[in-house]
Chemist: 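If you scroll down you'll find the structure; I have some questions about it.
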Protein chains: 2
Amino acid sequence: MSGFGPGDPFLADCPARLTVELIADKWTAVVLYGLSEGPVRHGELIQLIGGISRKMLTQTLRRLEAHGLIRRHAYAEVPPRVEYELTPLGATLIDPIRMLTEWARTNGDAVLDALDSGPPEPVARNG
Amino acid sequence: MSGFGPGDPFLADCPARLTVELIADKWTAVVLYGLSEGPVRHGELIQLIGGISRKMLTQTLRRLEAHGLIRRHAYAEVPPRVEYELTPLGATLIDPIRMLTEWARTNGDAVLDALDSGPPEPVARNG
DNA sequence: CAGCATCCCCGCAGATACTG
DNA sequence: CAGTATCTGCGGGGATGCTG
């Protein structure tokens, strides 16, 4: 069993794990998606996304910037204006992310139904 | 700006957020991927994935089961044998996940390069 | 407006030991 | 072998206040 090769994505210390851990964050995908239509300001993202704190947003943006997925543009104005936009590299991640949203749109209800249907066994799973 | 509609995926309290938060977990995608080729035992997953603790694996499996993405099969044998497999619903998530791995395979190096290139500004981002 | 620093708490996740 | 229970720590992440 396990037809996975040693260099197979995802398992063990393969390159794909990097990406997963990059995406496997509450906000990463959401932020990237928020930038998918062009440059957006910090404050706009806050409202657009909804539910994210300034701290988490900045943190996420910094990480994405460090990973080369987005670019930061600070304009020397008052009041300050800072825009973020996808890099070409970052833009390539939008498609995969969009697939996730498509999946959600299609199967979201099914997941919710499963959740409602209640846990198979209340407790005591041994044996 | 923001050509996103109110019901648009990802932003605010849209359905896609459910999926993101489902996937936005260190192990969810990895476990699903591990099951993508057929039923796998608990212990096999541990070794296959590498780095996950029994506790986290069980926890992840339970959640996926609750969400209707995987199914649990416990065989009344000694020693006990338990297999997990994707449900049809869960199987539909493999494609999106695979896209992520494809992306990683293609762009993983670019991300690592960006990381090495160092942070744009060492410190003091204000202004 | 954007961002950093600080404080603080809750929960994730590892380690360990026990049961069926 | 599979799973649970308990303890513990570390860090994620919110709230707040200050700076440019």
Side-chain angles (χ1 to χ4, degrees), chain A residues 1-2 17 20-31 34-35 39-66 70-85 119-127, chain B residues 1-2 17 20-31 34-35 39-66 70-85 119-127:
Chain A
M1 314 322 118
S2 111
R17 284 286 264 275
V20 186
E21 301 193 5
L22 186 62
I23 297 293
D25 175 274
K26 197 177 178 184
W27 298 114
T28 304
V30 186
V31 169
L35 297 176
V40 184
R41 302 183 58 169
H42 181 102
E44 283 178 317
L45 279 172
I46 294 280
Q47 296 171 15
L48 194 62
I49 292 175
I52 192 173
S53 64
R54 292 218 311 269
K55 180 184 173 181
M56 285 316 295
L57 177 57
T58 300
Q59 205 167 294
T60 304
L61 290 169
R62 290 289 172 278
R63 217 178 75 250
L64 292 176
E65 191 187 7
I70 69 174
R71 191 142 36 215
R72 198 183 98 113
H73 280 286
Y75 299 89
E77 307 174 0
V78 300
R81 185 167 117 253
V82 179
E83 287 185 344
Y84 294 91
E85 65 176 344
E121 302 300 85
V123 78
R125 311 290 296 257
N126 269 9
Chain B
M1 312 316 126
S2 113
R17 285 287 265 272
V20 187
E21 301 194 5
L22 186 62
I23 297 294
D25 175 274
K26 195 177 178 184
W27 299 115
T28 305
V30 186
V31 169
L35 297 176
V40 184
R41 301 182 60 170
H42 182 101
E44 283 179 316
L45 279 172
I46 294 280
Q47 295 172 16
L48 194 62
I49 292 175
I52 191 174
S53 65
R54 293 217 310 270
K55 180 185 173 181
M56 285 316 294
L57 177 58
T58 301
Q59 206 168 293
T60 304
L61 290 169
R62 290 288 172 280
R63 214 176 80 251
L64 292 177
E65 191 187 7
I70 69 174
R71 189 141 39 215
R72 200 184 98 113
H73 279 287
Y75 299 90
E77 306 173 359
V78 302
R81 186 167 115 253
V82 179
E83 288 186 345
Y84 294 90
E85 65 175 345
E121 301 301 86
V123 78
R125 310 292 296 257
N126 267 8

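Below, chains carry the letters A, B, ... as their sequence lines are ordered, and counting in each starts from 1. Quantities reported herein were computed from a predicted structural model and do not represent experimental measurements.
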Chemist: I want to verify a distance call: between C:dC1, C:dA13, C:dG3, whose nearest atom is closest to the B:Gln59 side chain?
Modeler: C:dA13
Chemist: Mind checking the OG1-CG spacing from A:Thr60 to A:Leu45? Nearest 0.5 Å is all I need.
Modeler: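 That separation rounds to 10.0 Å.
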Chemist: Between C:dA13, C:dC4, D:dA2, which nucleotide has the shortest distance from any of its atoms to the side chain of B:His42?
Modeler: D:dA2
Chemist: Has B:Arg72 got a side-chain N or O lying under 4.0 Å from the OP1 or OP2 atom of D:dA2?
Modeler: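 Looking at the OP1 and OP2 atoms of D:dA2, neither is under 4.0 Å from any side-chain N or O of B:Arg72.
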Chemist: Calculate the interatomic distance between A:Ile52 atom CD1 and D:dA15 atom C1'; express it in whole Å.
Modeler: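 So the two atoms are 15 Å apart, to the nearest Å.
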Chemist: Hey, is the main chain of A:Arg62 close enough, under 3.5 Å, to the side chain of A:Arg72 for a donor-acceptor pair?
Modeler: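 Judged by distance alone, no pair lies under 3.5 Å.
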Chemist: Can you measure B:Glu21 atom CD to C:dC12 atom P for me and round it to whole angstrom units?
Modeler: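 The answer, rounded to whole Å, is 13 Å.
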Chemist: Specify the separation, in whole Å, of atom CG of B:Leu61 and atom C1' of D:dC1.
Modeler: 14 Å
Chemist: Quick one: label B:Arg41 by what it contacts on the DNA or RNA (base, sugar-phosphate, nothing), any heavy atom closer than 4.0 Å.
Modeler: sugar-phosphate
Chemist: What integer distance in Å separates B:Glu83:CD from D:dG3:P?
Modeler: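 My rounded result for the distance is 12 Å.
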Chemist: Please report the distance, rounded to the nearest Å, between CE in B:Met56 and P in D:dT4.
Modeler: 14 Å
Chemist: Sub-3.5 Å donor-acceptor pair from the side chain of A:Arg63 to the main-chain atoms of A:Leu22, do we have one?
Modeler: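 Yes, the answer is positive, given that a donor and an acceptor are paired below the 3.5 Å cut-off.
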Chemist: Please report the distance, rounded to the nearest Å, between CG in B:Asp25 and P in D:dG12.
Modeler: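 Atom-to-atom, B:Asp25 to D:dG12, this comes out as 15 Å.
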Chemist: Starting from P on C:dC1, measure out to CD on A:Glu44 and report it in whole angstrom.
Modeler: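 Interatomic distance, CD of A:Glu44 to P of C:dC1: 11 Å.
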Chemist: How long is the line joining NZ of B:Lys26 and P of C:dA13, in whole Å?
Modeler: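 Going from B:Lys26 (NZ) to C:dA13 (P), I get 7 Å.
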Chemist: Quick one: on DNA chain C, does A:Thr58 or A:Pro79 contact a more 5' nucleotide (nearest heavy atom)?
Modeler: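 Its nearest nucleotide being more 5', the pick is A:Pro79.
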Chemist: Can you see if the side chain of B:Ser53 gets near the phosphate of C:dA13 - specifically, an N or O under 4.0 Å from OP1 or OP2?
Modeler: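 No, no such contact exists.
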Chemist: Among the candidates D:dA15, D:dG3, C:dG14, find the nucleotide nearest to the side-chain atoms of B:Arg54.
Modeler: D:dG3
Chemist: Counting heavy atoms from C-beta on, name the nucleotide in D:dG3, D:dA15, C:dC1 closest to the side chain of A:Lys55.
Modeler: D:dA15
Chemist: Tell me which nucleotide among C:dC4, D:dG3, C:dA2 gets nearest to the side chain of A:Arg62.
Modeler: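 Of the options given, the side chain of A:Arg62 lies nearest C:dC4.
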Chemist: Considering only heavy atoms from C-beta outward, does the side chain of A:Glu83 approach that of A:Glu44 to under 4.5 Å?
Modeler: no
Chemist: Where is the tightest heavy-atom contact between A:Val20 and B:Val30, given as atom of each residue plus distance?
Modeler: CG1-CG2, 4.2 Å
